[in-house]
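Here's the structure we're looking at; comments come further down.
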Amino acid sequence: MYDTIIIGAGMSGIAAGIRLAYYDQKVCILERHYTIGGLNSFYRLRGRSYDVGLHAVTNFTPKGTKKGPFARLLRQLRFRWEDFALSPQIGSTIAFPGVKLDFGNDLELLLSEIRASFPNQVDGFQAIVDRIVDYDDLSPEDYELSARELLAEHITEPLLIEMLLCPLMWYGNAREDDMDFGQFCIMFRSIFMEGFARPLAGVRLILKNLVRRYRELGGELRLRTGVDQIHVQDGRTTGVILDDGTELEAKRVISSAGWVETMRMCDDIDRVNGRQAGQLSFVESISVLDKKPSELGYDRTILFYNDSEKFHWHRPKDELCDVRTGVICSPNNFLYESDDESQKLPDGIIRITTIADFEGWENLPEEQYRLEKLKWYDRAIASAVRFVPDFRGHVVDTDTFTPATIRRFTWHDNGAVYGAPLKQLDGTTDIENLYVCGTDQGFVGIIGSIISGISIANQYCLRS
Amino acid sequence: MTPNEIRDVILDILEDIAPDEDLTDLKDDIAFRDQLELDSMDFLDIVMELRKRYRVQIPEEDYPELASMQSTCKYLEPLMKDVAV
């Protein structure tokens, strides 16, 4: 009998596991895939290391900062700031036709950029900042209000509204077209007020640190162990039934599988009605270059582009991808401390993400799937090089993931990267001792998902 | 444990929870919240650490008793008088 069973070995599941194991619970994390990380993972291919998921850690704050999610995470999991080995970004850009806004890990830069390009919108922007500062993400109010309506109250230039929403939606919005006010505040703070950073070794360093800590504390992790059913009796779960039929008993279960996905696993009554799975999924390509991006005259850490004045954030309806907007990320362009070149990334890397249609990709026959991957790799890059130096002559290797890949690794319906549009902020379900954590609880990003796991563990699994 | 020993225990726990805080000037009669950057998650850790280290169970309705060092020591004194250092 376990004290707590956790479904999914992503950031949130492992973080919850650390909290519970630290306080002497008998915990088991069950992961269907053969590796940890879920949406954030890493692999080797043709002699090179690749990251999926993480572009940058958001919510970055410098050493010694006592407030904010990153500081909270370090305290709660008993890590030192150095353990995450984060190097801050060089600088990022929002690029729309004819206008660019640079931003960094200090809100002042964005403010001065707005002053230069939209001088009569500075007061409105400041009013939004003031409102966001007061937002309490641990006890959210007005979460589901419209971010677009809030923005329109303060900003009269529609183009600026689109430009501000672009990176925030790209990095964590599960809802099409508009964004929940609560999610907007969380993302605004994590991106514009705190900022981006990355460990030189990538997401593997963070995941390995988390798992090492979990195991040191006596936590049990089972890979290749899918949960088929969550057994429910009289409104309580008694444990899970694995894909191979084995039953495991637990006093409580935390699931990071997603809301709809979790409800579907419950074996007492049919609960999957009403709530929809998310619609937004991505295709992302990684291009390995024979030169560093800086040698091509490109120093941006992340560039969010959109090729018209209106930012479109929804599932593509007629084609497999929508390449009118995208994210260009270069892991080379962070301020890694060492001057020693061997300590830096061996290759130049450019990652490009575009919006994609899950169903279209999932239903392709194998041969065509491969061809479409090549085709959309070319199209996405052709779209992106309108905003960054043309690197196509320098590509020495590539790899691409699609919504079908995301589905395989995360088990999320529709390969929905940010989960369902409706979040379960308190993490409870109608089953007394079953809780959800991770994207569908409402926090996104690396730091956000870790905080999600911590807070669900704290609220429901430690107090009794 | 004597009240002074209990105080040392709490200081030790606070050091663990918030290693970046300077605790040398901590005022016993002022709420932790007003002098340290502690949020509700950190307060839970004081309770949990006491349970983990000394098997002291504190019911949730008593959490407000742990607001300051003074009130914490006073509250814990009867609960921890038989606990060995």
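Chain letters run A, B, ... following the sequence lines, proteins first and then strands; every chain starts at 1.
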A:K66/B:D39 ion pair, N-O < 4.0 Å: no

Chain B heavy atoms under 4.5 Å from A:R19: which part of the residue, side chain, backbone, both or neither? side chain

Considering only heavy atoms, which portion of A:R75 lies under 4.5 Å from any heavy atom of chain B: side chain, backbone, both, or neither? both

Within the structure provided, determine whether A:Y22 and B:K52 are in side-chain contact (heavy-atom separation under 4.5 Å). yes

Is a salt bridge present between A:R78 and B:E15, judged by a nitrogen-to-oxygen distance below 4.0 Å? no

Smallest separation among heavy atoms of B:M41 and A:I454, with atom names: SD-CG2, 4.0 Å

Return the option, out of A:Q76, A:R80, A:K63, A:Q459, with the maximum number of heavy-atom pairs under 4.5 Å with chain B. A:Q76

Full working for salt bridge (Lys or Arg N to Asp or Glu O under 4.0 Å) between B:E61 and A:R463: CA-CA 11 Å; B:E61 59 270 22; A:R463 288 162 189 253; over 6 Å; no

For a 4.5 angstrom cut-off between non-hydrogen side-chain atoms, does A:Y23 reach B:L44? no

